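One structure is given below, encoded as structure tokens.
None of these values were measured; they are calculated from a predicted model. A note on names: the letters A, B, ... follow the listed sequences, proteins ahead of strands, and every chain is numbered from 1.
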Amino acid sequence: MSKIRVSLPDGSVKELEQGANILGLAASIGAGLAKAAIAARMDGELVDLTALLHDGAKVEIVTEKSPEALEIVRHTTSHLMAQAVKSLIPGAKVTIGPAIENGFYYDFDVEVPFSPEDLEKIELKMKELAKANSKLERLVLTKAEAIKLFCEMGETYKVELIEDLDVATVSLYRQGDFVDLCRGPHLPSTSFCKAFKLTSIAGAYWRGDERRKMLQRIYGTAFVDKKELDAYLSRLEEAKRRDHRKLGKELDLFSFSDEVGAGLVIWHPKGAMLRTILEDFERKEHLKRDYDIVLGPQILKTELWQRSGHYDNYRENMYFTEVDGQSYGVKPMNCLSHMMIYKSQLRSYRDLPLRYFELGTVHRHERAGVLHGLLRVRGFTQDDAHILCTPEQLDSEIKGVLAFVSDVMGIFGFEYEMELSTRPDKSIGSDDDWERATKALLGALQDSGREFEINEGDGAFYGPKIDIKLRDALDRKWQCATIQCDFTLPERFDLTYVAADGEKKRPVMVHRVILGAIERFIGVLIEHYAGNFPLWLSPVQAIVVTVTDNQIPHARSVYKTLRAAGVRVQQDLRNEKLGFKIREAQLQKIPYMLVVGDKEVESGTVAPRYRDGKNLSVMTAVEFIEFVNTEADNYR
RNA sequence: GCCGUUGUGGCUCAGGGGUAGAGCAGCUCACUCGUAAUGAGCAGGUCGUCGGUUCGAUUCCGACCAACGGCUCCA
């Protein structure tokens, strides 16, 4: 019998009998590896342990410690869940069940939606089935055979999936009496699923299309062992403690009210302070970078929205009002006023680029059901700017914006993800325009040296864009900064500039935000810091606390001195024990508590205590002011 | 908009067909106290809204509103 030779990651070559599989290879290396192996990467592709080896194959054994393990574990666990659901509810139809970022899900078509109690039953069943230790067996059928099989089983969704596949054969996996269409690979048997938990139930449209049937989705998570699962679950708990909606209430930053309306934020003093600090920061940073601050009205005539195309494309998201027989639209975007400013005079190429910046408050009627704390609201303020420049200036303008984003995110210590969205099927503008703009965005991204994703065909109909996303405490992505090229508006509003040759030319427009919506940004910011804002952002930077009533005069004078110097300070002069006041200040996450007792009165000082419990050395009010200013100047 | 869950004093939550309870917060009094909760007393709710069933609804049913977890859509 002939031998085959396969190479391993360390460069060594193993000789095996013809017909050997991965498991055999692992066993030939060592019994320990054979036991730990769950799959393999052969010639770059992930495969099952039962996959046959061929001569010259490059093989890497995947164990529970491998980075690929999690996805395989989760995928197999989703099959295990489907098996459990089918055994409990035979009439359920299975659809798709992939591994996702923090776990997996599986969508089912069931007559009666799942209840939370069902979840417990399903999880119990899964444990039972895992214990049964069924082998996951890979079968390869022709398309026709597979369609016939799933038709017989009544799995119509699977039939639809297979029909859409452009292949000759498909693979199926069988575990016990459960068979599912799947590319694989999978764990060798169900007992490898030893750490999982079903987390939630949700509705989800078949194939993500809201015109199609709503299925029932079960989300779950799985890890290679119990320890990691527990660690993940406790991270989840911790994340809930950072939830901006919870902290917003606890720290008295903002609220919502049924009486006011859904998705409309009411900023309380401390939240409004935080917002004001951010807005001041933004004005300063924009002026530094040669932007001009502009301001437009909240409502503009409906005719203008018709001209811009918003009326046709965005009407259902807009609020309208009528006065004296004239219809007005409440602005959902800030661009129109900026257009009007550009058009207010004849522009020369010498004037460009023009950068109009507005902290523009907009209103959008978001569909009920999508609202989410500060992260998705109906009225919000964008740090919006429109850059009007010559086509030649586009490159450097976009680079400038990306550098701006990087600077600002650096100050807040945010990691972010960037995505480039290119021309969709339905679009306007010339090929030339699209190519130039896409190139400019791409070039700037490459130039930034950061990683980015490309979403082909995901751009706006009016131009390509770069989206920058931040994550909330629960790891959900939220778009904040965005840079969008726009070919429509300069056209529709007939914007021109006089070029060097005296000809009138069309400027290019870039629509961009840095923080995005202040509301959303603050929501993410609260979760990022878990409410422990750095000194420069803290709505309350310090609180003067007395030990007894004896220190009230000194405390008042310290408070006045700090206030006069612009420090955001409060005073707690109540007749309460120091420990009680410290606790309250700490729960409010105030950075510095300035303790004033008899000793401090005598020496004319305060004893600053940081919210982590550490004390600074005793200092005078003036020294503390200097300290605060230095910290704040360095964005600490 | 769609699917599911939830909606009880300022907050967190218990209860349940016969018109409601706890802790915290609030108020009053006492204590004058050194780095995460001093003690006692008092007050506070037409149980999200509107209908229906019932002798009787906060509890059961329906609609609506809102929140929460998702889907779709988006800053």
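Proximity note for Leu371(A) (side chain, C-beta onward) versus rC71(B), rA67(B), rG34(B): the nearest is rA67(B). The Lys249(A) side chain lies nearest to rC11(B) when the options are rU32(B), rC33(B), rC11(B).
The base of rG1(B) is not paired with the side chain of Glu366(A) by any donor and acceptor separated by under 3.5 Å.
The gap from the C1' atom of rG44(B) to that of rC24(B) amounts to 14 Å, rounded to the nearest Å. Comparing rA37(B) with rA57(B), their P atoms are spaced 48 Å from each other, to the whole Å. Comparing the P positions of rA30(B) and rG69(B) gives a spacing of 48 Å, expressed to the nearest Å.
Across the strands present, rC71(B) finds its partner in rG1(B); the criterion is a Watson-Crick or G-U wobble pair with both atom distances under 3.5 angstrom. Pairing partner, rA22(B): rU12(B), with both Watson-Crick or wobble hydrogen-bond distances short of 3.5 Å.
Contact annotation for Gly516(A): no contact, since no heavy-atom pair falls under 4.0 Å across all strands. The residue Phe580(A) sits close only to the backbone: its heavy atoms come under 4.0 Å of sugar-phosphate atoms, none of a base. At a threshold of 4.0 angstrom between heavy atoms, the contacts of Gly208(A) are confined to the sugar-phosphate backbone, with no base atom among them. Base engagement by Val377(A) is indicated by at least one non-hydrogen atom pair under 4.0 Å involving a base atom. Ala262(A) comes within contact range of the sugar-phosphate backbone alone, with a heavy-atom separation under 4.0 Å but no base atom that close. Asn615(A) comes within 4.0 angstrom of a base, heavy atoms only. Residue contacts shown for Arg245(A) are limited to sugar-phosphate atoms, with no base heavy atom under 4.0 Å away. Residue-level contact check: Arg476(A) touches the backbone only, with heavy atoms under 4.0 Å from sugar-phosphate atoms and none from bases. Heavy atoms of Val370(A) sit under 4.0 angstrom from at least one base atom. Residue contacts shown for Ala202(A) include a base, since a base heavy atom lies under 4.0 Å away. Residue contacts shown for Asp598(A) include a base, since a base heavy atom lies under 4.0 Å away. Nucleic acid contact class of Asn575(A) (heavy atoms, under 4.0 Å, all strands): base. When heavy atoms are screened at a 4.0 angstrom cut-off, Gln216(A) is found touching the sugar-phosphate backbone but no base atom. Residue-level contact check: Gly597(A) touches the bases, meaning some heavy atom is under 4.0 Å from a base atom.
Between His372(A) and rG70(B) there is no side-chain N or O to OP1 or OP2 distance below 4.0 Å. Using a 4.0 Å cut-off, some side-chain N or O of Tyr219(A) falls inside it from OP1 or OP2 of rC71(B). Contact annotation: Arg211(A) side-chain N/O to rU72(B) OP1/OP2 distance is not under 4.0 Å. Taking 4.0 angstrom as the limit, Arg217(A) places none of its side-chain polar atoms (N or O) nearer than this to OP1 or OP2 of rC3(B). Considering only side-chain N and O atoms, Arg574(A) lies nowhere under 4.0 angstrom from the phosphate OP1 or OP2 of rC27(B). Phosphate contact (OP1/OP2 of rC33(B), side-chain N/O of Gln551(A), threshold under 4.0 Å): absent. Note on Arg520(A): every side-chain N or O is 4.0 Å or more away from OP1 and OP2 of rC74(B). Taking 4.0 angstrom as the limit, Gln479(A) places none of its side-chain polar atoms (N or O) nearer than this to OP1 or OP2 of rC74(B).
Residue Asn550(A) is the one, among Arg367(A) and Asn550(A), whose nearest nucleotide of RNA chain B lies closer to the 5' end (criterion: closest heavy atom). Across the interface with RNA chain B, nearest-nucleotide mapping of Glu576(A) and Ala517(A) shows Glu576(A) to be the residue nearer the 5′ end.
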Worked check of side chain to side chain donor-acceptor pair (under 3.5 Å) between Lys581(A) and Thr546(A):
CA-CA 9 Å; Lys581(A) 295 198 223 182; Thr546(A) 47; 2.9 Å; yes
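The interatomic distance linking Lys581(A) (NZ) with rA37(B) (C1') rounds to 14 Å, in whole Å. Leu578(A) places its CG atom 8 Å from the P atom of rG34(B), with the value rounded to the nearest Å. In this structure, Tyr314(A) atom OH and rC73(B) atom C1' are separated by 10 Å, rounded to whole Å. One atom, CE of Met593(A), and another, C1' of rA36(B), lie 9 Å apart when rounded to the nearest Å. Distance, Leu119(A) CG to rG70(B) P: 14 Å, rounded to whole Å. What separates CD1 of Ile218(A) from P of rG69(B) is a distance of 19 Å, to the nearest Å.
Residue His511(A) forms a side-chain hydrogen bond (donor to acceptor under 3.5 Å, both in side chains) with just one option from Gln484(A), His386(A), Lys465(A), and that option is His386(A). Remark: of the listed residues Lys331(A), Arg364(A), His365(A), His365(A) is the sole one forming a side chain to side chain contact (heavy atoms under 4.5 Å, CB included) with Tyr319(A).
In this structure, Tyr232(A) and Phe223(A) have tilted ring planes: the angle between them lies in the 30° to 60° band.
Phe414(A) and His528(A) have their aromatic ring centers within a separation under 6.0 angstrom. Residues Phe624(A) and Tyr592(A) bring their aromatic ring centres within 6.0 Å.
Under the stacking definition used here (centres under 5.5 Å, planes under 30°), the residue Phe114(A) fails to qualify as stacked on the base of rG4(B).
The pair Asp475(A)-Arg235(A) fails the salt-bridge criterion, with no side-chain N (NZ, NE, NH1 or NH2) lying under 4.0 Å from an Asp/Glu carboxylate O.
Considering only heavy atoms from C-beta on, Val362(A) comes within 4.5 Å of Phe380(A) through its side chain.
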